[in-house]
Amino acid sequence: MKKITSITVTAMAAVMALGMTSCGTTQLVAGTLPTTYVSPDPVKKVVTADEDEIDKVLVVDWADRSLGEVSVPTWLKNMRRGNSDTFKQQWNLDSNRIVKVSYAVGKTEATAQALSRAGFAYTQAAELNQKVIGRVGQGLNDVGQLEALFVAASETKADMTGLREETGFWQKVRTIRAGTKEQSEQYMYYTVYSMEKSTWDALCKKYLMDMMGGADLTTETQKKIGSLFTEMKEDSDKKEAKKAAEEKAAYDAQVARLEAEKAKANADEAKAKAEAAKTELKTKQLTEQEAQTKEATERAAELESFLM
């Protein structure tokens with residue numbers, strides 16, 4: 001009896017665990033695609049989250065709204081993608097100037113603006129940090145060297161001098177939580193800076209030199225860091241053209257693959273039709289031969305009966 005009760009309790013616990021798992025919700029990040037989950041049934045069907053399960057994010061107010069400015073200007077969208085050309089054209093900036101954007105979130109516009117300005121140096125240091133770790137870290141096999149590189153890149157500060165603040169843009173964002181419908185509001189502030197290319201080059205050089213602890217390139221890590229200077233200063237103001245070219249190349253490759261698959265499918269279909277036609281012709285020929293044989297046999301039998 002105890003054994004049966006134990007099994008029953010275990011089964012109930014499993015059912016309850018399954019129910020808790022299937023009823024659980026996954027927090028969704030605003031601006032991302034709906035979260036998907038796998039159904040526990042044997043079919044393993046993928047189901048997309050309903051709209052009621054997704055946090056709704058609305059821009060309810062923004063800078064220069066009364067002057068006809070849109071909530072998300074084209075120049076801002078392009079800059080978030082790494083292309084500052086539109087901004088330079090609208091603000092009549094020299095095409096050679098480096099343009100950077102920093103943004104932060106706060107409970108008030110003033111707080112978000114202050115955080116955006118204060119965090120700009122940190123943002124640029126993080127960008128340089130990522131470049132160093134991404135390029136140099138991949139080539140390091142020694143755990144100690146990699147750890148030292150990470151610590152150095154994380155602790156090295158970016159000395160942001162020679163900057164000129166061009167403009168700022170704020171958005172008031174309202175978030176409606178899925179399920180509870182609870183609402184909250186916050187401000188996002190974007191600060192745009194520009195600098196001479198020589199300023200950015202000097203910043204990259206100083207950042208790398210501070211990481212290496214001097215100009216004496218003796219270790220493998222220091223040599224690899226030193227070789228990054230040209231790449232980092234040229235990649236400062238990323239262009240959408242490169243990304244677009246890569247996307248177009250991927251698209252063209254996909255189209256070519258689909259065309260090749262289509263051509264192969266057409267060829268296979270044509271081959272199948274040819275085989276079917278060949279089989280049909282062969283069957284027809286056999287049928288005709290059988291008919292001729294039958295007719296000849298009947299004639300022979302008729303002639304034989306006449307002679308007899």
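No experiment lies behind these values; they were computed from the predicted model shown. All values below were derived from every heavy atom in this structure, side-chain atoms included, with hydrogens, water molecules and symmetry-related copies excluded. Along the sequence shown, residues carry numbers from 1.
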(request) Using atom types as modelled and distance alone, determine if a side-chain donor or acceptor of T199 lies under 3.5 Å from a backbone N or O of M195. (result) no
(request) List for me each residue that meets side chain to side chain contact (heavy atoms under 4.5 Å, CB included) alongside T167, sequence neighbours excluded, and say none if there are none. (result) W75, F87, W91, V192
(message) Does anything in residues 131-160 form a ring pair (Phe, Tyr, Trp, His ring centres under 6.0 Å)? List the pairs, not counting sequence neighbours.
(response) none
Cut-off 3.5 Å, no hydrogens considered: what does the side-chain donor-acceptor table look like for residues 265-272, sequence neighbours left out?
{"unit_1": "N266", "atom_1": "ND2", "unit_2": "K262", "atom_2": "O", "d": "3.3"}
{"unit_1": "D268", "atom_1": "OD2", "unit_2": "K264", "atom_2": "NZ", "d": "3.1"}

(request) Answer yes or no: is there an ion pair linking D201 with K205, defined by an N-O contact shorter than 4.0 Å? (result) no
(message) Has N129 got a side-chain atom pairing as donor or acceptor with A153's backbone, closer than 3.5 angstrom?
(response) yes
(message) Show every side-chain hydrogen bond (donor to acceptor under 3.5 Å, both in side chains) that has at least one partner inside residues 107-126, sequence neighbours left out.
(response) T108-T111, E109-W170, Q113-Y189, S116-T191, R117-E165
(request) Would you check if there is a donor-acceptor pair between the side chains of T175 and D55 at a distance under 3.5 Å? (result) no
(message) Contact between Y207 and V132 at the side-chain level, heavy atoms closer than 4.5 Å - yes or no?
(response) yes
(request) Identify, with sequence neighbours excluded, every residue that meets salt bridge (charged side-chain N to carboxylate O under 4.0 Å, His left out) alongside E196. (result) R97
(request) State the NZ-OG1 distance between K278 and T283, to the nearest 0.5 angstrom. (result) 12.0 Å
(message) Could you work out, with side chain to side chain contact (heavy atoms under 4.5 Å, CB included) as the rule, every residue matching K157, not counting sequence neighbours?
(response) none
(message) Any non-hydrogen side-chain atom of V57 less than 4.5 Å from a side-chain atom of R174?
(response) no
(message) Who clusters with V60? Use side-chain heavy atoms, under 4.5 angstrom, across I, L, V, M, F, W and Y, and order the result by chain and number.
(response) L58, I176
(message) Tell me whether the count of non-hydrogen atoms from other residues, nucleotides or ligands lying under 6.0 Å of CD in E185 goes above 12.
(response) yes
(message) Run the side chain to side chain contact (heavy atoms under 4.5 Å, CB included) test against N92 and tell me which residues pass, sequence neighbours left out.
(response) none
(request) Kindly compute the distance separating SG (C204) from CE (M209), expressed to the nearest 0.5 Å. (result) 13.5 Å
(request) Measure across A112 and G106 and return the closest heavy-atom pair with its distance rounded to 0.1 Å. (result) CB-N, 3.6 Å
(request) Taking the side chain as every heavy atom from C-beta outward, state whether L208 and T156 have any atom pair closer than 4.5 Å. (result) no
(message) Test of understanding: clusters of I, L, V, M, F, W, Y form through side-chain heavy atoms closer than 4.5 Å, transitively. Do I98 and F229 belong to the same one?
(response) yes
(message) Tell me whether E147 at atom CD has more than 12 heavy atoms from other residues, nucleotides or ligands lying less than 6.0 Å away.
(response) no
(message) Going by the rule salt bridge (charged side-chain N to carboxylate O under 4.0 Å, His left out), which residues pair with R65 if we only count those two or more places apart in sequence or in a different chain?
(response) D61
(message) With a 4.5 Å cut-off on side-chain heavy-atom distances among I, L, V, M, F, W and Y, is there a chain of contacts connecting M188 to V72?
(response) no
(request) Salt-bridge test for E166 and R164: reply yes if a basic N is under 4.0 Å from a carboxylate O, no otherwise. (result) yes
(request) Only counting residues at least two apart or in another chain, list the ones meeting side chain to side chain donor-acceptor pair (under 3.5 Å) with Y103. (result) R80
(request) To the nearest 0.5 angstrom, please state how far the CZ atom of R81 sits from the CG atom of L76. (result) 10.0 Å
(message) Could you work out, with side chain to side chain donor-acceptor pair (under 3.5 Å) as the rule, every residue matching K77, not counting sequence neighbours?
(response) none
(message) Is it the case that the side chain of K100 and the backbone of Y193 share a donor-acceptor pair, with hydrogens and angles ignored and the cut-off at 3.5 Å?
(response) no
(request) Report whether Y187 and W62 are members of the same hydrophobic cluster (ILVMFWY, side-chain heavy atoms less than 4.5 Å apart, transitive linking). (result) no
(request) For residues V70 and F169, report the shortest heavy-atom separation together with the two atoms involved. (result) O-CZ, 3.6 Å
(message) Test of understanding: with side chain to side chain contact (heavy atoms under 4.5 Å, CB included), list the residues that count as partners of T180, not counting sequence neighbours.
(response) R177, E182
(request) To the nearest 0.5 Å, tell me how far M160 CE sits from S102 OG. (result) 9.5 Å
(message) So, taking the atom named NZ in K206 and the one named OG1 in T161, what distance separates them when rounded to the nearest 0.5 Å?
(response) 8.5 Å
